[in-house]
Structure formats: structure tokens, C-alpha cells
Number of protein chains: 4
Amino acid sequence: MPAPARLSAAASTPAPVRHRRKGARPQELLDAALDLFVEKGFAATRSEEVATRAGVSKGTLYLYYPSKEDLLKEVVRQNVVNLIVQGVDLIRHFDGSTSELLARVLRLWWQRMGETRASGILKLMMSEARNFPDIAQFYVNEVIHPSHAMLAELVQRGIDRGEFRPVIVTDVVHALVTPLLFLVMNKHSLGACSVGSTLDPKAVIEAQIDLVLHGLHTETCRAAQSAATPDATDLPLPKPSRAP
Amino acid sequence: MPAPARLSAAASTPAPVRHRRKGARPQELLDAALDLFVEKGFAATRSEEVATRAGVSKGTLYLYYPSKEDLLKEVVRQNVVNLIVQGVDLIRHFDGSTSELLARVLRLWWQRMGETRASGILKLMMSEARNFPDIAQFYVNEVIHPSHAMLAELVQRGIDRGEFRPVIVTDVVHALVTPLLFLVMNKHSLGACSVGSTLDPKAVIEAQIDLVLHGLHTETCRAAQSAATPDATDLPLPKPSRAP
Amino acid sequence: MPAPARLSAAASTPAPVRHRRKGARPQELLDAALDLFVEKGFAATRSEEVATRAGVSKGTLYLYYPSKEDLLKEVVRQNVVNLIVQGVDLIRHFDGSTSELLARVLRLWWQRMGETRASGILKLMMSEARNFPDIAQFYVNEVIHPSHAMLAELVQRGIDRGEFRPVIVTDVVHALVTPLLFLVMNKHSLGACSVGSTLDPKAVIEAQIDLVLHGLHTETCRAAQSAATPDATDLPLPKPSRAP
Amino acid sequence: MPAPARLSAAASTPAPVRHRRKGARPQELLDAALDLFVEKGFAATRSEEVATRAGVSKGTLYLYYPSKEDLLKEVVRQNVVNLIVQGVDLIRHFDGSTSELLARVLRLWWQRMGETRASGILKLMMSEARNFPDIAQFYVNEVIHPSHAMLAELVQRGIDRGEFRPVIVTDVVHALVTPLLFLVMNKHSLGACSVGSTLDPKAVIEAQIDLVLHGLHTETCRAAQSAATPDATDLPLPKPSRAP
DNA sequence: TATGAATGAGGATTCATTCAT
DNA sequence: GATGAATGAATCCTCATTCAT
């Protein structure tokens, strides 16, 4: 055997300080994972990097999450699934008009997803879905379906209350979701590479709200539409210019 | 660089049984690579798969392309960069109105990019840009900048000739590009997972043409706009319904 | 070494609720280790499992045994080495005929080793000896040599007292040991996989006793042989059928 | 990054010579694997060691066998399963008396299994069965069951032809197999550690043959038994001393 | 040219052991 | 004494790339 004599001589390993912070670990790991997954992609992120960024060692990561995939799933759960739950809650307990509700949901989405790190997860899923069927399936089950169901419920509410025309619900849901996803892709793929002026996401959201409400409202409800303009304290946006 | 010698194809060789179409090899490899990269992502595509699908052995792949990254670059060059060159060519040699030119360019884009396999490359780049900075850089240099420059040139032409209002060119370029990318992402990411009605890409393109031209034209040019309606032989689309 | 201080158990401590039987810890750990090592093998048993089964935490295990190997050694000491010591003791203090002594030793072996969990240790050592040379060496020193020495002493006693023929001692020892090991292997390896009738270990032991005594006795001692038949209260076996 | 300048300077990696010997590789790998698995156990053998001993690199191993477990399975197939097939063949085409056949089969077993490296596989399976349920299952299906079936067929042949008494076949099979396995365990576990005289395997085999035939034969067939004495050209053993 | 056998760096995961509390 | 969070060495396996033929 080569006899690695040089090693045992010094205190070269400077006693890796061991903090005990069980409570905080999971969150720190999820934060680090979110950052890195979004920044480098799932496959390209080594599990050790996540651990290091969270200030722990490789092994500690596996103490809390049994695999890299499970870690991603937990990141998704925390950052996306929870939001959907909140959305469903909002819809079920909301008292006002469905127009107002729809506007609120979309603005909330932007506040909590679009302009936070969480949006990176959406981009991540779109990017890596093909490579990790397992995760894609999980995502469809836990995110796509529930969020579509939530929006469908919302639209149906409008129809049931006579506020919206009897449209095809799934089509409307699709139309609602699509631009949001585009914003996300734009932010995370082209915003990083592209140059020139970026489009204003909030404006896109507002335009989308405006557009959809126009398309959905029954004649009699047109008047109530103004209620859906952004709340001044909430999102102080310039009133979106509507076509005369 | 591939540089496939077309010369050896002729001559006297009576029955090159083993190697059909030597000259075609590079193209077959690029085709296979395009398919697989789009289908499974760049990282998840093993170079041997590409070779196998192209009907050659692993070694042969490396005979033509020194690395997987170079292969991707070549795929991009062939499927995207070339289109831009064609676009630039079209712009520089076009005689008609800029409105017509713009319409033609966008429709061409759809024909050659949007509805072909090449669109997968765009999705691929958006997805994997973060994981492969090298490739992302290449893409920005070879695709993003040139295509933006091309469109800027086009818009500038309209301004210079008094057809368009003196708008901020980069903003317009951005507004032109965004929906196209959206179509692509929608096709390759959401079409697979999402449910419900899909939107009609050609209609989106036409609406976009219509919209942009409306916004760009100087008063005096409004009349000429009709010239930009789709050419019957070129794209036999139903006349897009414009709001009255 | 464990050295469990029995002292702290008494004194005034009114209600040591948390830690039942401090003094018992080492034994509980050894029991758990024996079970698991036999059940799953040495390498496949995680030290945490041992601790958990013993009702303590991982750290506590290392409080008593500095390593997994040391734990195994202690298990062997307690379950095998002690038996040998008892055997030696029996031999040195026995008054009766060597035939009787031999019979008693073999039957004792079966009662204390063969039909208890301890037999699993033998199988374990045979299985893993090659993988853990350290342990193998320990086993040879602490078990193989002493037990062979013990049996050699026994046989020599017979020779010295004129009861046995002047045989080659080591050969006889070997002949004595072999079937016992065979029983153990059969119990722990083949009983699990094999089908069909299992052999009766007690019968094998008795046959072995009978056979060896036949082979060892001097002519003059043949008569005394009947003394070696199993004690009715001890092992109520049918008298083994001897060939006519 | 630490900039490992010293590395790129020299030709420190002396161009690892690459031999192309596809045909021979699998056998070389199986040989190396057999040696190492037997020597160190399955779990304790690193796949790279196998490759190194076969004179190739880690990757090459996986070129031929998709996993370490598959490698072991193949080792078993080649060294054990094949022997069983040969045995079945022998039984089905044998013309002589069943006594002779039985003797031949057992002696063949010793020649091809017991005294070759293949015996190590048997020991290996007995040792590691518990740790690798997958492999244990494979072994039961591919080895235990077929070999028992083979011996059962043999015994049945004897009964059908009136050579053997109408015994319980499975019991006899068990009695046949057991000592052989013991020899194997003895060779690979105790032969390595133990001291003193080792038992003579061939003698054990012959004794076993003798014993079983005695037990099986019908009265009328006793005479034919001498036919089962070892063939001089085959196994030049001293005629086993039978009790007068 | 073409092949495909061979290479080996790289990364996920496990688990014996340590140590702050 | 106990605890269990933290560590990191060790090992399987993948796949881009090389190169002898």
C-alpha cells in the first residue's frame, strides 16, 4: 500500500464545524435547491452543490430528502402546489364578483409566482419534463391538473352566477394559462440571453385580465367590469388602456 | 466543419454497396440529431443514439462533428441560421412595400420554422440555455442578434421609406418576436402536457401581422396595407377575421 | 470494552424514568446485534438498526462498542467463546469416563450452540470470514484454536487414561467438529432454500457420538460404552440404532 | 479553481494501451469475477477490481454486463447451470445401471464442481443469499430446483427400473446433496482458516456413493452394486474400504 | 473512411463514525 | 450518559470521447 504518510501528520482537516440546526435545515436546503435548479437546471445541478450552498455536507442533504428527485418534488410542493391551494381557498371564500375574483387570482399569481423565484420552477418543469418522465408525471398530477381545475372552478362560478357567458370552460382556462407561462419562459430563457427592451409583465397580466373579461362577460355584466381594475394598494399599475 | 466532399460520389466506383450516399452522411446525422435533441433534450440524448438513428456507428459521428456540442451548433446553423440569412437576403432584395415585406417574412418564418421540426430547436435553446452557457452564447451570437438585426433592418426600412412611423425599433422587434416564441413554446411544451383546445398558429401569425402593421403605418400608408394580405398561392389561409 | 458500571444503579436516584436498566444496555445491544447479524449478515446490518432494535440511539451503540467489528467480536465472545470456556471447565473437573465426558460435551454443544441463536454466529463466520480478514483472524484465535484445543485435551484424556486407542488426536478432533458445522450450515443456509425433508440434528449428534466412541474405544473399554447413552431426562432420544 | 498545472505538462498518462479482443473479453471478465467473488465475496468485490484483474477498465466491464448482479448471474450460469445441463444430459442418455449412473454423476460433480473454482460459487451463494434476495431467487430457480430435479429424475429412474427401493425421492435427493454442500463449505470457509488434517473429499464422495447405494438397492440388485466402483481411467481412487 | 471496443472522469447515494448539545 | 444531526469516504454506474483495426 502507498502509505499516505503526509496525511496523518497535520491537522489538515480543520475540524469541520458542526452546527445543529435541524429545524432550519429543510428550508435552507429547499432554498438552495430552488436557486440552483432554476439557475442550472435539474440534471446539471449536483446534489453536493445544493448541500454546499445550504452550508451542509452531501450526507446531510440525504438526511432530509431521500433523493434528488424527491428534493425537486418538495421544492415544487412548497413553491407551487401551496400557491394553488391558496388560490382554491381564495376562490371558495370570495364574496365579490367573479370578474374581480379572476383579476385578483391572476394578479396574485404574478405576485407570488411570476415575479418570485418560484417562476423558475415552472420554467424548469417545462424544460426538463421530457428528460424525467417521473417528475413530469408528478407535475401534471400535482400542478397542471389542480391549477386547471382551480381556474375551471373560477370560470364556472362566473357562468353559474350569470356573470360570464356560457363558454367552453377548458378553452378559457387554456387561454388564461398560456400567456402566464409565456411570461415565465420569457423571463427565464430570453430575459437571460436576449437584449433590448423586455416586455412589462404586469402590463401583460393586466391586458390579459382586461381581454378575458371583455370576452367572458355577459352584456348585463359589462358595467360591473370596472370593479376588476387593480386595487390601488395592491398593485399600483396605470389603468390599462382599453380600446375605446 | 463537415465539408462533405461531393466529388467522390461520381467517378467509376461500380457498386458502393456498403456505404450508401457518402455525401449524405452529414445531413443524415444532422437530421437524426435534430429529431432526438427536440424529442429528448440535448443532455438526455446520447451521442450513440444519434449515430444509430442516422444508420452509422458512434465513431462516424465524431468523424464529422468533433463533439456533441458542435453537433448541436451545426444543427442550429443549418435549421435556424440559414433561415435568417434567407430573411436578410429577402429584405435586401425586396422591391415592394415594407408592409408586404414584413408580412412575407413572418409568414415565411412560420412556414420554415414554426411548423417544421426546426421550431423544436428554439424550444431546445430556451430550455437548455442555462445548462450550457457555451451553447447559449453561441445562440445569442448566431441567432438572437442576427435575427433581431434583420428585423430591425426591416423596420428601419419602413421608417426610412416613410411607410412606418418613427417608432423605437428595438421595441417593435421585440413585439414581433415575442408571439412567435410563444407559439413555439406552446407547441413543444404545453401541447404535450396541457389539455383543452389548442390555438391556431396561423391565425396568431396573421393577427400579429395585422396588429403590427396597424400600429406601425403612417396615416398616408394605411391604404397600402391591403397589399399585405396573404398571397393566395403562398399561404392559402382563410382571410383572418378582423374586428370590424 | 463495555465494563458496565453496576454501581450507579443503586443509590438514591428516585425515578430513573428515561433510562430503564442502564446496566442492561450492553446486553441488549449484543442481543440485537446477534439477531441482526445472523438474520442479515454482518455487512448488510447497519449499525443504526442494531441500536434501534436495542431501543437506543446510534450514538449510544458507539458508547459501548467502538466499532461494528468490535461489536461483532463481543457477540462472538459472549456467545461462543464463553461456551468453550465452559467446555474446558467441564473437561478439567469431570470425574467419570471420557466416553461419558465426550457424549456430554457434544450434547452440551447442541443444547447451547446448535439449537440456539448462537449457531447463527458460526454460520456468519463461515460466510463472512473471507470478507473480513480481521474478524476471521480473531475467530481463528478465539474460537477455532481454543475449541480444537479443548477437544484435543478431551481426546488426549481418553488416551492417557487408557480408554481410547492411541489415535492421531487432531484427526479425531476434526472428525468430531465436522458434522457439527455441517448441522449449522444446514440449518442456516439450506433450511431456508432447500426443500424436502430436513435431517434431525439430535439424531445426527447421537449417531456421531456413537460412531466416534466405537472408533476410539480400546477393546477393554467397550463395555463401559453404555454409560455414554443419552441421559433420559436430558435428551430423551431413541437409542440410536447401531449396525448389528 | 486550483489550476492543476502539473498534470497537463507531461505525458503522465502513458497512453493506456487499448487492445481489441472482443471475443475473449467476456470470458476473461467472468474468470476474474469468479476469482474475486469467491475470494472476497460479492459485496466486497468492487466492479473496478474485476475489470482491472481482467486487464480492462471499469467501463469495459459494463460493456459486457449491465450490472454487478448480472455479472454474478452470468458467472453462476457458466459455472454451475451448465454443469446441471450436462448432468441431465448424462442421465437421459445413460444406458447402464442406475447405480453406476449415480456414482458417475456424483464423481462428475466433484471433478467439475467440487474441486474446481466453481465450488466457490456455491459457497458464495450460501453466504450472500440473505443479503441479495434477487440473486438468491435466481439461484433457487436456476440451480437449486434444476439440480434437485435432475437428481430426483435419477433416483426415479432407479425405482422405475426396479433397481432402487420405492423410497421417498425428495428425501434421498436431500441426503445426496447435503454432504456435497458441506464439502464445499468446508473447503472455502474452514480450509482457509482451520488447521489440522483436512478431510479427503474424494473419500467422502466415495463413502457417500457407497452409503447411498447400500441404502437404495433392492435385494436383487445388491449384486450389481460392484459396477458402481470408480472407473480406473476416470478417477483412479483406491477402492473405498467397505465394512466387511 | 468506418467501426465499435475501450476508456475514465463524473455524479448519486449509503452508512460507519463523530461530536455538539 | 444519551442523543441524533452531521460528516465524507467509498462505490456503482453512465456516457462522451478516443483510437486500433
Side-chain angles (χ1 to χ4, degrees), chain A residues 13 15-25 43-51 55-69 71, chain B residues 5 8 16 18-19 22 25 43-52 55-69 71, chain C residues 4-5 8 16 18-19 22 25 43-52 56-69 71, chain D residues 13 15-25 43-51 55-69 71:
Chain A
T13 36
V17 219
R18 262 141 102 153
H19 307 288
R20 285 171 67 85
R21 334 213 345 267
K22 160 130 190 180
R25 287 290 184 241
T45 299
R46 283 178 304 128
S47 51
E48 186 163 21
E49 280 181 287
V50 175
V56 298
S57 76
K58 217 178 353 176
T60 302
L61 170 61
Y62 285 89
L63 219 54
Y64 295 97
Y65 303 100
S67 77
K68 213 171 90 166
E69 274 200 27
L71 177 60
Chain B
S8 60
R18 278 181 57 219
H19 311 129
K22 267 185 184 177
R25 277 291 148 69
T45 299
R46 286 177 309 133
S47 47
E48 184 163 23
E49 283 179 285
V50 175
T52 301
V56 299
S57 75
K58 218 177 346 177
T60 304
L61 170 61
Y62 283 86
L63 227 48
Y64 291 103
Y65 305 99
S67 78
K68 213 170 91 168
E69 274 199 26
L71 176 61
Chain C
S8 60
R18 278 181 57 219
H19 312 127
K22 269 185 181 177
R25 278 288 149 68
T45 297
R46 287 176 310 133
S47 48
E48 184 162 22
E49 283 180 285
V50 176
T52 301
V56 299
S57 75
K58 217 178 345 176
T60 304
L61 170 61
Y62 283 87
L63 226 49
Y64 291 102
Y65 305 100
S67 78
K68 212 170 92 167
E69 275 199 29
L71 176 60
Chain D
T13 36
V17 220
R18 262 140 102 153
H19 307 287
R20 287 171 66 84
R21 335 214 341 268
K22 162 131 189 178
R25 287 291 184 237
T45 299
R46 284 178 303 128
S47 51
E48 186 162 21
E49 281 180 287
V50 176
V56 299
S57 76
K58 216 180 355 175
T60 303
L61 170 61
Y62 285 90
L63 220 54
Y64 294 97
Y65 304 99
S67 77
K68 214 171 88 167
E69 274 199 27
L71 176 61

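Residue-to-nucleotide proximity on DNA chain E shows that, of C:Thr45 and D:Ser57, the 5′-proximal contact is made by D:Ser57. A residue-by-residue look at A:Gly59 and A:Glu48 shows that A:Glu48 has its nearest nucleotide of DNA chain E further toward the 5' end. Along DNA chain F, the nucleotide closest to B:Ser47 and the one closest to A:Leu61 are compared, and the more 5′ of them pairs with A:Leu61. DNA chain F is contacted by both A:Gly55 and B:Ala44; A:Gly55 maps to the nucleotide lying nearer its 5′ end (nearest heavy atom per residue).
Dashed line: the shortest gap from a side-chain N or O of B:Arg46 to OP1 or OP2 of F:dT14 is not under 4.0 Å. Contact annotation: C:Arg25 side-chain N/O to F:dG1 OP1/OP2 distance is not under 4.0 Å. Close to E:dT13, at under 4.0 Å from its OP1 or OP2, lies a side-chain N or O of A:Tyr62.
Taking only side-chain atoms of A:Tyr64, from C-beta outward, the nucleotide of F:dA16, F:dA5, E:dT14 with the closest atom is F:dA5.
Under the rule for a side-chain contact (heavy atoms from CB on, under 4.5 Å), the partners of B:Ser47 that lie at least two apart in sequence or sit in another chain are B:Leu61, B:Tyr62, B:Lys68.
Across all strands shown, D:Thr60 has heavy atoms under 4.0 Å from base atoms, whether or not it also approaches the sugar-phosphate. Within 4.0 Å of A:Lys58, counting heavy atoms only, lies at least one base atom of the nucleic acid.
Between the C1' atom of F:dA10 and the NZ atom of D:Lys68 lies a distance of 12 Å, rounded to the nearest Å. Counting to the nearest Å, the C1' atom of F:dT11 and the CD atom of D:Glu49 are 11 Å from each other. In this structure, B:Leu63 atom CG and F:dT17 atom P are separated by 15 Å, rounded to whole Å.
Consecutive pairing runs in DNA chain E reach the stem threshold at E:2-21 with F:2-21, where a stem means at least three Watson-Crick or G-U wobble pairs with distances under 3.5 Å.
The heavy-atom pair separating B:Glu49 from B:Ala44 by the smallest distance is OE1-O, 3.8 Å.
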